[in-house]
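The structure appears below as structure tokens.
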Amino acid sequence: MKDVLVTGGAGFIGSNFVHHLVAHTDAHVTVLDALTYAGDRRSLAGLPENRLAFVRGDIADSALVDDLVAGADTVVHFAAESHNDNSLAEPRPFIDTNVVGTFTLLEAARRHDRRFHHISTDEVYGDLALDDPERFTEATPYNPSSPYSSTKAASDLLVRAWVRSFGLRATLSNCSNNYGPRQHVEKFIPRQITNILRGIRPKLYGRGLNVRDWIHVDDHSSAVLAIVERGRVGETYLIGADGERSNADVLADILRLMGRPDDAFDFVTDRAGHDLRYAIDWSKLRDELGWEPARRDFDAGLAATIEWYRANEDWWAGSKEATEAFYRSVEERHER
Ligand code: NAD
Ligand code: TDX
């Protein structure tokens, strides 16, 4: 691995992965990112110039993609439309980026016979009952619920077909909910932290009983690097860190860590089709590659994340107002 093309490297997980890659390998990194509302060039600040090239462009632009894939030996594909609530309001960009964009990358990787790693989500498996003793495994059937998760499922299936039909040297990973620095303020944890910093009451969907399986973004990065370096071609690996928590519990932790009363939030209308629970069995990754999450202390990770948002208001202030305006429009639609 000498020249790595990272798509979506200006987004939350992609940028954290690029920092991880530069710190832990000698590879040269080229980031391809469209800088949509979710991408931010500043998330790559501070990296040495001789290790990083940045190209602004669309993963569905086949001429550009062909050129960049030709110049790399490895492609790690993070770029996506990533937010469920946006996919309910306007699904089209999810088709264009997650499906057509992934297809465009796969064709280029096939033409140039490049190693390909596809980043995906546990949401492709649908959801679990709260009391289900089972967790998702690599063998769980696909059953996505939202426009977002269905386009991620479609992209996963394309990757598997390109492996089987064309011999593409690809691996896939499906990870649970990430948290940490540089996550867009539309997502649950940063939205509530920045609401509190702005004097806005946090918003909990439904009754807050839905469960997400939280993993620190640094652990996602180390798992992806392990798979890119040592994973078996054609295989899927689930990534998790035994971090199941209800949304109400996560919000209670945020309120406590930020010194607010435990009832200083509002219940709001539930998300349409809201998945109840995700839970990951990551034993394949542990048994095959010896990977373990290093940041399993959720309280410590959450406290550090709160500090990051406190210290980096410049990074998120520009997105906050538009994000809250979007959520107000969703609430107004529910009221009509
Ligand atoms: P994000 O929304 O923060 O970042 C996405 C990045 O992709 C942005 O920089 C954006 O500018 C870029 N992008 C979007 N459309 C593009 C296009 N057409 N061409 C080029 N670049 C484009 O998302 P994230 O949370 O960092 O998620 C990254 C990946 O990880 C996604 O594939 C997502 O499905 C997956 N994932 C996310 C989570 C999570 O908890 N956030 C969990 C599991 C998997
Ligand atoms: O204001 C909110 N209040 C609330 O209760 C928001 C924004 C969310 N929620 C709930 C919905 C979910 O149950 O919190 C939970 C987490 O919501 P999101 O941050 O929107 O994440 P989720 O829908 O679970 O999807 C995330 O994890 C899987 C990422 O956004 C996806 O990209 C990833 O694939």
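We count ligands from 1, going down the list as the structure has it; atoms in each ligand are counted the same way.
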Path from F298 to Y278 over hydrophobic side-chain contacts below 4.5 Å:
no

Is any NZ, NE, NH1 or NH2 atom of the basic residue among R328 and E331 found under 4.0 Å from an Asp or Glu carboxylate oxygen of the other?
no

Closer than 4.0 angstrom, basic N to acidic O: yes or no for D33 and R56?
no

Ring pair (Phe, Tyr, Trp, His ring centres under 6.0 Å) contacts touching residues 215-254 (sequence neighbours left out):
Y179-H216

Under the side-chain hydrogen bond (donor to acceptor under 3.5 Å, both in side chains) rule, collect the residues that match up with D281, sequence neighbours excluded.
S283

Pocket residues around ligand 2 (non-hydrogen, under 4.0 Å) come out as S82, H83, N84, T121, E123, Y148, N177, E186, K187, F188, R191, Q192, K203, L204, Y205, N210, R212, N247, R271, H274, Y278, Y327

Looking at F166, is R110 sitting on its ring face, NZ or CZ under 6.0 Å from the six-membered ring centre and within 45 degrees of the normal?
yes

Those residues with a heavy-atom separation under 4.0 Å from ligand 1 are G8, A10, G11, F12, I13, D33, A34, L35, T36, A38, G39, G57, D58, I59, F78, A79, A80, S82, T97, I119, S120, T121, Y148, K152, C175, S176, N177, N178

Salt bridge check: are D266 and K203 linked by an N-O gap of less than 4.0 Å?
yes

Can you confirm whether the side chains of D127 and H274 place a donor and an acceptor under 3.5 Å from each other?
no

Between the side chains of E244 and W214, does any donor sit under 3.5 Å from an acceptor?
no

